[in-house]
Amino acid sequence: MAFEIEEQRMDVGDLRLGMFVCRLDRPWEETPFPLQGVELAGEEELDTIRALCRYVYIDLRRRVVIAPRLALSRTSLSGTRFRSTVRYADQTPVEEEAPRAHAALDNASEMVDRIFEDVVSGRQLSVERVEQAVRPLVASVLRNADAFFLVEGLRRHDSYSYGHAVGCSALAAAFGRHMGFAEETILSLAAGGLLMDVGKTRVPEPLLQHAGALTPAETDTVRTHVAAGLAIVAGSDITNQDVLDILRTHHERHDGSGYPDGLAGNLIPITGRMLGIIDTYDAMVSPRPYRAAISRHRALRQIYATRNKLFQAEMIEQFQVCLGVYPTGSLVELSTGEVAVVMAQNQVRRLRPKVVVLTTPDKQPLTDFRPADLMMHQADDDTAIDITRSLAVGDYGIDAAGLFLQ
């Protein structure tokens with residue numbers, strides 16, 4: 001019987017270790033590979049394919065056994081990994097990257113479902129699934145962070161825990177990109193964001209959903225998720241120090257008021273300082289059973305008010321620059337009365353992003369969405385358009401996800 005393959009075309013930026021490439025966008029003779037077909041068993045093969053091709057075809061029926069373990073199983077002690085060494089530029093426009101960002105988010109959500117299911121069932125946390133979740137996500141953010149956050153900001157999350165894990169992972173990747181960190185460091189940040197609350201699977205669900213103030217005993221129980229998360233990761237093959245630092249310190253605070261160790265200032269690792277802000281921000285902008293989400297703009301303002309108290313001022317300022325005054329994916333109301341979603345940032349004038357208008361001035365949904373660059377509408381005449389305020393999910397009863405991502 002002839003050997004059958006099931007091909008799928010894939011951009012090289014979306015390739016992951018463990019795939020089998022069966023066809024290229026060029027003749028095999030033009031490559032250093034001696035035979036047709038290449039197993040993506042290591043970074044060398046992956047980098048070579050990415051350097052040679054724009055797209056390839058993978059065989060969905062064939063998987064590659066990877067050994068030894070991947071980057072998350074290596075402890076990085078390099079003192080240069082948090083230096084600003086890379087200047088990233090968008091490689092693709094928002095419109096072109098958005099479908100790939102959507103696919104990366106769907107993939108990350110699926111992997112997080114499996115990761116949490118494994119942990120809840122008592123199985124070992126899988127380093128391969130963590131890598132499979134974060135690598136396509138990071139690749140999309142590095143190509144165009146605006147596209148990723150446009151899609152992520154408008155998605156509906158069925159589960160806060162799973163959505164929070166994916167959101168924090170993506171935010172960590174974008175923050176690392178903004179800071180100019182190397183790609184492997186960004187991957188560590190994204191993995192830490194994905195896993196930092198995995199210990200909550202060991203906390204009773206009613207406590208996590210509790211609407212009012214917790215008793216001191218209940219608060220202590222919730223805080224055990226830090227130690228529980230570290231124990232879960234310790235039972236896996238993940239030894240990456242940045243990931244462990246994130247799990248251990250993302251609830252520490254600049255003034256020493258955090259937990260579990262009451263660390264303050266620069267005693268908190270840079271990864272913990274970054275993910276503490278990210279964790280707080282994503283929680284604020286996510287709806288919960290006991291409270292509504294607030295707008296992204298308002299969340300940034302509230303976090304800014306805590307500078308040099310809960311969070312380091314310089315880190316907050318960098319986070320704000322990373323996301324923009326009105327973060328991509330935000331709903332905003334324009335001076336025309338129309339509702340729009342922020343599609344991309346203008347680096348020169350951060351109060352005047354590119355938007356897509358979703359409604360008429362009386363808040364009725366448009367059938368054809370209209371892009372608008374607010375940089376082009378700032379004259380002192382009838383063409384001037386400003387953002388008058390930010391909106392939270394559900395304001396005016398507008399379902400942006402249903403309108404924009406259908």
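In this text the structure is predicted, and so the values were computed from the model without any measurement.
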Which atom pair, heavy atoms only, marks the closest approach of [X] to [Y]?
X      : Y      : value
Trp28  : Val38  : CH2-N, 4.1 Å
Ala104 : Ser140 : CB-CB, 4.4 Å
Leu351 : Ile387 : O-CD1, 4.3 Å
Ala108 : Ala133 : CB-O, 3.9 Å
Leu137 : Ala173 : CD2-CB, 4.2 Å

Are the side chain of Asn107 and the backbone of Gln132 linked by a donor-acceptor contact shorter than 3.5 Å?
yes
Looking only at atom types and distance, does a side-chain atom of His102 sit under 3.5 Å from a main-chain N or O of Ala98, one as donor and one as acceptor?
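No.
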Once side chain to side chain donor-acceptor pair (under 3.5 Å) is applied, do any residues pair with Thr360, and if so which ones, sequence neighbours excluded?
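For Thr360, the residues satisfying side chain to side chain donor-acceptor pair (under 3.5 Å) (neighbours in sequence not counted) are Asp362.
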Regarding Tyr326 and Gln345, do their side chains bring together a donor and an acceptor under 3.5 Å, going by distance alone?
no
Using a distance-only test with no angle check, is there a side-chain donor-acceptor pair under 3.5 angstrom linking His178 and Gln318?
yes
Counting only heavy atoms not in Arg54, do more than 12 sit closer than 6.0 Å to its CZ atom?
no
Can you confirm whether more than 12 heavy atoms, excluding those of Arg301, are under 6.0 Å from its CZ atom?
no
I'd like to know if [X] and [Y] make a salt bridge, using a cut-off of under 4.0 Å between side-chain N and carboxylate O.
X      : Y      : answer
Glu252 : Arg248 : no
Glu97  : Arg100 : yes
Asp282 : Arg296 : no
Glu128 : Arg114 : no
Asp25  : Arg9   : no
Asp118 : Arg129 : yes
Arg16  : Glu131 : no
Asp386 : Arg352 : yes

So which of Phe175, Tyr304, Phe311 actually passes ring-ring contact (aromatic ring centres under 6.0 Å, His included) with Phe319?
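In the set Phe175, Tyr304, Phe311, the residue that makes a ring-ring contact (aromatic ring centres under 6.0 Å, His included) with Phe319 is Phe175.
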Nearest-0.5 Å distance, [atom1] of residue [X] to [atom2] of residue [Y]:
X      : Y      : atom1 : atom2 : value
Asp245 : Met196 : CG    : CE    : 14.0 Å
Asp255 : Asn308 : CG    : CG    : 9.5 Å
Met111 : Asp106 : CE    : CG    : 11.5 Å

Student check: side-chain heavy atoms of [X] and [Y] closer than 4.5 Å:
X      : Y      : answer
Pro204 : Thr221 : yes
Phe20  : Ile58  : no
Thr306 : Gln302 : no

